[in-house]
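Small disclaimer: the values here were computed from a predicted structure and weren't measured. Just so we're on the same page: letters track the sequence lines, and every chain starts at 1.
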Amino acid sequence: MKPSIPQGTRDFNAVTIRKRNYIFNTIRNVFELYGFQPLETPAMENLETLMGKYGEEGDKLIFKILNNGLDNPAKHEQAKEDFEKILEGKNNKNITERALRYDLTIPFARYVAMNHGQLTFPFKRYQIQPVWRADRPQRGRYREFYQCDADVVGSNSLLNEVELANIYATVFEKLGIDVEIKINSRKILAALAELSGGADKMIDITVAIDKLDKIGIEKVKEELVQRGLNENQINIIEKYLSIRGSNEEKLIAIKKLADENATAKKGIEEIEYLLNFTIHHSPLTIDFTLARGLNYYTGIIFEIKAKHVTMGSIGGGGRYDDLTGLFGVPNIPGVGISFGVDRIYDVMEELKLFPDEIETSTQVLFFNLGENESRQAFELMQQLRNKNIRCEIFHENTKFDKQFKYADKKQIPYAVIIGSKELAENNCVLKNLQSGEQQTLSQNELLGFSF
RNA sequence: GAGAGCGUAGCUCAGUAGGUUAGAGCGACAGUUUGUGGCACUGUAGGUCGUGGGUUCGAGACCCAUCGUUCUCCCCA
């Protein structure tokens, strides 16, 4: 058979992993710097933990795991009956009890609900793990990808939003990615729905206006008509969507439009608080069309867009009032953000933002020039390794050409040559393979050399 | 879930209106070169043309199906 891997998954070679680790480490260090603690949860969750949390579309994209033991003849009749329900589109514990993690937020909420008695609030955790979605793969979209999340639960303070916005700004600055951190408030969106007379239409409205920059105002209006809004309602939404300008200008305009509405007023105040508090050069931009799909957001929402490149959002998040309520533990509010590492990787690759030095692996190659020579080389190599220098010795005694070419291909910066002459004189030749310069050193000098 | 493009050597691709033995570059391996690499030159290996069917005297090319992959829509990281 031809070996292959599942659609939308990838193998990662050494170079790729080094670059990814560079991203992971950057994010992790900032998370730690802000006082977040690590958490890991299982790759799979009980299906019922995940179902219904991501909207109707989300449910379809959850990878479900077939139960074991269905081939047991004693249970055939029951299994067939249960499978009928699957065909009707209903989930059935007897067929699929577990599913692969779809994001990191819901498993975190489940964890908090299970352990709220032991946790010190506010509880700040970060989590860096892969998630799986049964989406059709395309540019910037994979079926297995990493998310890096930071969440704070057990606090209503907007200081948390400030902290998270600063984490976003700091990480992307460290990575060298020019981004726009778009913010909006679900409260303002809810108010818009109220004002345009369709509080129950909030999801319809947000889904439609989210597409504004993609399909244009006319198409959005068409979609709103299709979703059952009347002309008057659409006029209000159009006014809302026509708000342009700087953050200040947008705030003035939205106040004019919706300030009498208590919910909107609250949302506007929150955005103002965040903008006034955040480090002043941070790239926060109000975007009133930002809606975000996940239904559980209730306050400020974030989304990250990389500049100079065509790529979906590389991060997102927001405040949710009562996520653990879904698991029977009410009144624990939270707010969180997520980094999409695989898209960040693609953006950095395209913009050539990875520093060169992360690609070096082995620092020193010891040449193998004979039985006794290589024994001495081996001895020295072990001593260098004890000094934390990454070394290897060529696997067989062969001509120089081979050994040099091996070093070239692995981009090893130094070669140590110990031939019969060096062996006799108790020294070695150290060659810098980039510059071509070489020097004869005593073996002691080699051990003290700073690579 | 809907739609489009592409599958020829390890990689990137060529292959002219269907015509004999399927090509190139890069890479790999070997040699020129058993104490000095990157360059150059020479040579060698490597292909069920994704798979299965069909049209034809003849298919890498045309048709159908299927699988894989890329991209778009939907939605998202």
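Considering only heavy atoms from C-beta on, A:Glu303 stays 4.5 Å or farther from A:Ile181 through its side chain. The shortest side-chain heavy-atom distance between A:Ile254 and A:Tyr240 falls under the 4.5 Å cut-off. Looking at heavy atoms from C-beta onward, A:Phe63 lies out of side-chain contact with A:Arg133 at the 4.5 angstrom threshold. Taking the side chain as every heavy atom from C-beta outward, A:Phe36 and A:Asp149 never approach each other to under 4.5 Å. In this structure, the side chains of A:Thr41 and A:Gln127 come closer than 4.5 Å at one or more pairs of heavy atoms.
Nearest-nucleotide positions on RNA chain B for A:Phe339 and A:Ile5 put A:Ile5 closer to the 5' end. Mapping A:Pro6 and A:Ser338 onto RNA chain B by nearest heavy atom places A:Pro6 closer to the 5' end of the strand.
Few gaps surround CD on A:Glu350; more than 12 heavy atoms of other groups in view lie less than 6.0 Å from it.
In this structure, B:rG58 makes no Watson-Crick or G-U wobble pair, since no nucleotide meets both defining distances under 3.5 angstrom. Across all strands shown, B:rC74 remains unpaired; no Watson-Crick or G-U wobble contact has both distances below 3.5 Å. Pair assignment for B:rU36: none, as no Watson-Crick or G-U wobble contacts are both less than 3.5 Å. When Watson-Crick and G-U wobble pairs are counted only if both distances are under 3.5 Å, B:rU48 pairs with no nucleotide at all. In this structure, B:rU16 forms no base pair with any nucleotide, since neither Watson-Crick nor G-U wobble geometry is met with both distances under 3.5 Å. Checking B:rG27 for Watson-Crick or G-U wobble geometry (two distances, each under 3.5 Å) identifies no partner in any strand.
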Exercise. Can you give one letter per nucleotide of nucleotides 31-37 of chain B, 5' to 3': B if a protein heavy atom sits under 4.0 Å from the base, S if only from the sugar-phosphate, - if neither?
Worked result: SSSSBBB
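In this structure, the CD atom of A:Glu57 is 13 Å from the P atom of B:rA2, given to the nearest Å. The CG-C1' distance, from A:Asp210 to B:rC74, rounds to 12 Å in whole Å. The distance from atom CZ of A:Arg10 to atom P of B:rU69 is 13 Å, rounded to the nearest whole Å. Note: CG (A:Asp135) to C1' (B:rC73) measures 12 Å, nearest angstrom. Taking atom CD on A:Gln127 and atom P on B:rA77, their separation rounds to 15 Å, with Å as the unit. Look at CG on A:Asp151: it is 13 Å from P on B:rA77, rounded to the nearest Å. Atom pair A:Ile23:CD1 and B:rA77:P shows a separation of 17 Å (rounding to whole Å applied). Rounded to whole Å, the distance from CG on A:Asp11 to C1' on B:rU69 is 15 Å.
Rounded to whole Å, the separation between the P atoms of B:rA4 and B:rC41 comes to 47 Å. Taking atom P in both B:rA61 and B:rG19, the straight-line distance is 11 Å, to the nearest Å. B:rU33 sits 14 Å from B:rC39 when the C1' atoms are compared, rounded to a whole Å. Rounded to whole Å, the P atom of B:rU56 lies 48 Å from the corresponding atom of B:rU42. Distance noted for atom P between B:rG50 and B:rG7: 8 Å (whole Å). Here the separation of B:rA14 from B:rA9, taken at their P atoms, is 12 Å to the nearest Å. Rounded to the nearest Å, the gap between the P atom of B:rC57 and that of B:rC11 is 37 Å. Separation of the C1' atoms belonging to B:rC49 and B:rU8 is 4 Å when rounded to the nearest angstrom.
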For this session: Applying side-chain contact (heavy atoms from CB on, under 4.5 Å), run through A:Phe145 and A:Trp132 and close with a yes or a no.
Result: CA-CA 7 Å; A:Phe145 61 96; A:Trp132 294 268; over 6 Å; no
Exercise. Please walk me through it: do A:Leu326 and A:Tyr296 pass side-chain contact (heavy atoms from CB on, under 4.5 Å)?
Worked result: CA-CA 10 Å; A:Leu326 299 166; A:Tyr296 46 71; 5.5 Å; no
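Using cut-offs of 30° and 60° for the angle between ring planes, the A:Phe339 and A:Phe172 rings count as tilted. Classification of the A:Tyr345-A:Phe354 ring pair by plane angle, with boundaries at 30° and 60°, yields tilted.
A:Val207 comes within contact range of the sugar-phosphate backbone alone, with a heavy-atom separation under 4.0 Å but no base atom that close.
Between A:Lys410 and A:Glu392, at least one side-chain N (NZ, or NE/NH1/NH2) sits under 4.0 Å from a carboxylate O, which counts as a salt bridge. The residues A:Asp59 and A:Lys53 are annotated as not salt-bridged, no charged nitrogen and carboxylate oxygen being separated by less than 4.0 angstrom. The pair A:Lys221-A:Glu238 meets the salt-bridge criterion, since a charged nitrogen lies less than 4.0 angstrom from a carboxylate oxygen.
Within the 4.0 Å cut-off from OP1 or OP2 of B:rG27, not a single side-chain nitrogen or oxygen of A:Lys409 is found. Residue A:Gln7 has a polar side-chain atom (N or O) positioned under 4.0 Å from OP1 or OP2 of B:rU69.
The stretch residues 136-146 of chain A touches RNA chain B through A:Arg136, A:Gln138, A:Arg139, A:Gly140, A:Arg141, A:Tyr142, A:Phe145, each having a heavy atom under 4.0 angstrom from the strand. Of all the residues in residues 161-172 of chain A, not one reaches under 4.0 Å from RNA chain B with any non-hydrogen atom.
When each of A:Lys187, A:Arg186, A:Arg319 is checked for a salt bridge (Lys or Arg N to Asp or Glu O under 4.0 Å) with A:Glu270, only A:Lys187 meets the rule.
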